[in-house]
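Before any comments, here is the structure.
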Amino acid sequence: MAKSIVSAVLEKLSSLLMIPGEIKHNFELALALEEGMGKVIAHFQDIQSVLQDAESKQVKDANVRNWLKKLKDVAYDVDDVLDEWNSEKLKSQIEKEQKEARNFPLLKKMRNSISSFTFQTILYYKIASKLNGVNEQLDSIATEKDRYKFGLEKVVEEPRRLITASFIEDEEVYGRCQETEILVNMLVAENSSGGGLKLPVISIMGMGGIGKTTLAQLVYNHSDVECHFDKRIWICVSDPFNEIRIAKEILEAFKGESSNLVGKDNILQEIRSHVSGKKVLLVLDDVWSEDATRWEQLKTSLKHCSPGSRILITTRNEKVAIIMGTTSPNLFLLNTLSLEECRSLLSRRAYYGRTREESENLDDIGWKIAEKCQGLPLAAKILGGLLRFKRTREQWKNVLDSEMWDFEEAEQDLFPPLFLSYYELPSALKQCISYCAVFPKGMILRKDELIKLWMAQDYLKGVRCEEMEIVGEEYFDELHMRSFFQDFRGDELDSDIIKYKMHDLIHDFLLVLMKTECVMLVNHDSEELKLDLSCERARYGTLIRKEAAPTEPNIFRFRKLRSLLIDSSYHDTSSLRLYLPRLFDQLTCLRTLNLSNGLFRNSIEELPDEIGKLVHLRYLNLKNNKKLKELPESLCGLCNLQTLNLKWCDSLKELPCGIGKIINLRHLENDQTNLSLMAIPKGIGRLTNLQTLSLFVVTSNSDTSSLGDLQNLIHLRGLLKISGLGAVCDVTEAEKAELENKKGLRTLILDFTISKGLMSNRWQRDDGRLLEALRPPPYLEELEIWWYSSPTISANWMMGLTKLSHVSLGYCLHLKSLPPLGKLPSLESLYIGGRSRVEKVSVEFLGVEREEILAPSSSLESPSSSVIAFPSLKHFEFEFFDLEEWEDWVPLTSREEHISIMPRLCSLTINSCPKLKALPCYVLHNTSLKQLNISQSPILSERCRKETGEDWLKISHIPSIMIDSVRIQVNCSSVEEFGVLQFQPLHSSSLSSNFSQN
């Protein structure tokens, strides 16, 4: 971590070596700045060369840990000074551009210039003074460094790695029976050849301490495996991957003695002759290297084994498994033990030498301690060994109530395997995973949010001009592959979002690494927070508000915090309002601030002007503050701000007028503010770094942004909702927006309502022309159109969206016919709802051309060449509010029966269609249909009535049928297989929120 911070500071210092032109005439000041920066650079460069060795020794040496802490403190302070310098330069540049644009009189410009010059001179004097103080600290740190005799980077001492062997004591193993059976079958079954590969590579993958080596030993010594292979060889690879050593050990296993051969080629040739014609199992335990070239030649020499030979490796890194040649079917992800298995393993050691009565007296605490192990065998063994020497319930209770890192045994035996994984990380990844210590244990993490937090701490340095978000994706995926994160899926309604969590033991390990940098505060039972004075220079903090009391004053002692996450999931944020001015005034180093509210109606109502003092701030989360009505103009002085989260701030009426000054803003997350937000201020078009703009509100007011202001926001991606399109009378504004050039957009919601307080000019509008002008990019995946007023949807671009998977058409009040959506090859879900004037759903809706209809089926070459409408559609929903007009869903004629329609349809919902006479045969006879839901449609309900309805026999094959909220048929297994088949449109809030507007 220290190496990462020092490297980042050195990079910034190098970019500032040029003394600013405005102070070059001030020789004394210029010299002080130049000398100060030069000395800091020299110190850091000298220290940087030994940091790798220092970081490897900190696990065992508390003095080294303390030295690194001092170094990091100074590096952080320098980083803050440089960031302040850059921020003021940027603000000065923005103000200069704005003043030039306003065309002030010459005299006023001169006054402003003199004022700005005086301010900058004072600022540079402050920076020079701070650099002088920093250098005094670095002198002391450099002197202390020499006492530890650290090795240079190329000769550092690597962490100790355990050498494994194939032997195992079966009585020491609990669980893993199923895993052993699966792996033995993968090794000995003749049909499990790994996709036709002659020498399949099977990988056991999982985090450190989960039992990969133990499982490999169980499999290696299994009787079926012993009988199946002519030769079994166990090699502990570890790191570095020494192919010569490994080759010699393989050769030694065959010959039964050490080999005197020299030269890689001679050794590999000898191996080739020994393996030829033999069925071999080679186990490579603890593989780390990602260098494929070291493995390829050795693997080539092994390919002359007999068919049925296998290579089994254990690794913590999925990337290593892939490099070694493991295919997906042969990647075995090892999970944690069950609680029962973990408890048995712990008990074997903990209860050793105790009477039955003694064991029973401790059993209830033992179960709870087993839960602390989180299914990790290594943790169960170590805690079991610790408990063996604890004789009383009180001593066991103390173990239960203590954190894992409090135990000397954990530091000596449990954390070193995890430190190996950490030690192997590149410097940038060490920063990213270390930051995760700031989260409460067990917290569910969202990948996109974590990347924004890393970005705010300046961890994501791209190469080749890569976007920071792309670098963050790569970093996260790398850490996930190395088992630092585990997949966590929530409920089915949120199944499209993959979430993650860290194993508790990894979290404990990170807390040890970040012990003096990370502080977790909990206000509970009105007790005053007890603080460790050594943590007062902590840089990352979390405040968990378990009581409704305001923020504890003690938080203000941590003036160096760069990240503050305030957890208000227990109580709303309204009680914070009294302390926010002081918080903003004193914690001025913050780069990350989370003030999001829990699921409460009450919240803070405003942000104080002091927010403008947080000049370093890059991430501000105000999500769910439902009573927040406005943001102060001072917020616009935060020129470094990258992420502003306003989701569900549904009382927010406007954004600050000067928002165009936040030129580094990349993510303006204002979803679910459409009911309150009246407009978007002018200047939004200057935010050319924007990637997220969830909601853009259009009005006819010339003092606010228009559609044309979207033109320069070419980096927009993900979701964009444009509301208030009913106020647009000039189609050229839509053309200026150039949505087609925003290649990263994947979801587009077009809302043709009129903003509140404006008169409707609906009779003057042509929504059809406007829709045509709003041509989206070709890679769009989801499209929703609401409150569209023209009778047809005939946008030429719509049928060209070959990636489109979801379409919603809602409250298209004047719509008389549906567009030919059956042409869309990727469409999986379709929602048509609200109100409209559709009277008939005809064959045109299928998107089949006249020539295709007329083509006789006999002329088709094969069934696979049949015309297919809606080839990918799975979920289809008609949900109207008393659609009186729709009577006919036109069936196919005999000439059209060669057309295949909706061959993958899983669910169909018909709601509030009282005049609809019947469903077409291509729906009734659809064998893929698993769920049918009909409500408030009396004619259809009668036809589908169980046993007696006219269409009952046609639909009785459908596993789940619901008529008027009564489930008349259900096949549980089918329903479970397909999960929740109904879907909701992305913009479902329009159904209720805009119902009264027309």
Side-chain angles (χ1 to χ4, degrees), residues 161-190 192 194 200-238 249-250 253 279-288 308-318 320-321 324 326 329-349 370 373-385 413-414 417 483 503 505:
R161 299 173 187 271
L162 182 66
I163 304 300
T164 66
S166 63
F167 306 109
I168 188 170
E169 182 62 56
D170 290 348
E171 293 180 357
E172 287 287 325
V173 180
Y174 288 85
R176 303 304 189 204
C177 296
Q178 185 178 0
E179 292 92 337
T180 302
E181 184 178 344
I182 292 171
L183 276 168
V184 167
N185 187 58
M186 292 172 72
L187 291 174
V188 304
E190 295 298 334
S192 61
V201 179
I202 299 168
S203 291
I204 304 173
M205 199 199 84
M207 64 178 285
I210 203 169
K212 301 180 296 296
T213 297
T214 299
L215 180 58
Q217 289 167 332
L218 287 172
V219 170
Y220 183 89
N221 291 290
H222 195 278
S223 57
D224 290 351
V225 172
E226 287 185 8
C227 296
H228 183 78
F229 293 99
D230 300 322
K231 187 67 178 177
R232 295 173 300 132
I233 304 170
W234 179 283
I235 308 288
C236 179
V237 176
S238 199
E249 287 191 32
I250 293 173
K279 192 180 293 185
V280 176
L281 170 63
L282 173 63
V283 176
L284 300 176
D285 185 41
D286 197 28
V287 183
W288 292 77
S309 295
R310 300 283 188 273
I311 297 173
L312 177 66
I313 74 168
T314 69
T315 183
R316 305 181 187 194
N317 190 344
E318 185 178 348
V320 170
M324 296 288 285
T326 307
N330 286 339
L331 183 63
F332 189 89
L333 182 61
L334 187 57
N335 293 316
T336 52
L337 296 175
S338 68
L339 177 58
E340 176 65 43
E341 292 166 343
C342 203
R343 187 251 181 192
S344 298
L345 182 56
L346 181 141
S347 298
R348 176 175 174 80
R349 297 193 171 199
C373 298
Q374 292 273 299
L376 207 63
L378 182 58
K381 287 181 180 179
I382 291 170
L383 282 184
D413 300 317
L414 189 55
S483 305
H503 193 283
L505 188 60

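Just so it is clear, the structure is predicted and the values come from calculations on it, not from any experiment.
- Expressed to the nearest 0.5 Å, how far CG of L337 lies from CD of Q374 amounts to 12.0 Å.
- Each of L218, V219, V225 was scored for a side-chain contact (heavy atoms from CB on, under 4.5 Å) with H222, with one residue passing: V225.
- Between the S203 side chain and the M205 main chain, no donor and acceptor come within less than 3.5 Å of each other.
- Y220 carries R232 over the face of its six-membered ring, with the cationic atom under 6.0 Å from the centre and within 45° of the normal.
- Side-chain atoms of D230 come within 3.5 Å of backbone atoms of K279 as a donor-acceptor pair (strictly under, hydrogens ignored).
- L312 has its side chain out of reach of L282: every pair of non-hydrogen atoms, C-beta onward, lies at least 4.5 Å apart.
- For R316, the salt bridge (Lys or Arg N to Asp or Glu O under 4.0 Å) test picks out no residue, with sequence neighbours left out.
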- Item | Audit row: V287, T314, side-chain contact (heavy atoms from CB on, under 4.5 Å) steps and yes/no | CA-CA 6 Å; V287 183; T314 69; 5.8 Å; no

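- Minimum heavy-atom separation, W288 to V320: O-CG2, 3.3 Å.
- The minimum heavy-atom distance between I235 and I233, with the atom names listed, is CD1-CG2, 3.8 Å.
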- Item | Step-by-step side-chain contact (heavy atoms from CB on, under 4.5 Å) determination, R348 to S344 | CA-CA 6 Å; R348 176 175 174 80; S344 298; over 6 Å; no

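- Other residues, nucleotides and ligands place no more than 12 heavy atoms under 6.0 Å from the CD atom of E181.
- Summarising the geometry of A380 relative to L345, their closest heavy-atom pair is CB-CD2, 4.0 Å, with the distance given to 0.1 Å.
- Going from atom CD1 of I202 over to atom CD1 of I182 covers 12.0 Å, rounded to the nearest 0.5 Å.
- A pairwise comparison of heavy atoms in K212 and I204 identifies CD-O, 3.8 Å as the closest pair.
- Annotation for V188 and H228: closest pair O-CE1, 3.2 Å, computed over non-hydrogen atoms.
- Using a 4.5 Å heavy-atom cutoff, the side chains of I311 and M324 are not in contact.
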- Item | Test side-chain contact (heavy atoms from CB on, under 4.5 Å) applied to L215 and T180, step by step | CA-CA 7 Å; L215 180 58; T180 302; 3.5 Å; yes

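- Remark: the backbone N or O of M186 is paired with a side-chain donor or acceptor of R310 at under 3.5 angstrom.
- Closest approach of C373 to L383, counting heavy atoms only: SG-CD1, 3.8 Å.
- Side chain of N330 to main chain of T326: no donor-acceptor pair is present (N/O by atom type, distance under 3.5 Å, no hydrogens or angles).
- The line from CG of L183 to CD of Q178 is 11.0 Å long, rounded to the nearest 0.5 Å.
- T336 is listed as a side-chain neighbour of H503, based on a closest heavy-atom distance under 4.5 Å.
- The distance from atom NZ of K231 to atom OG of S309, rounded to the nearest 0.5 Å, is 13.5 Å.
- In this structure, the salt bridge (Lys or Arg N to Asp or Glu O under 4.0 Å) partners of E179, at least two apart in sequence or on a different chain, are R176.
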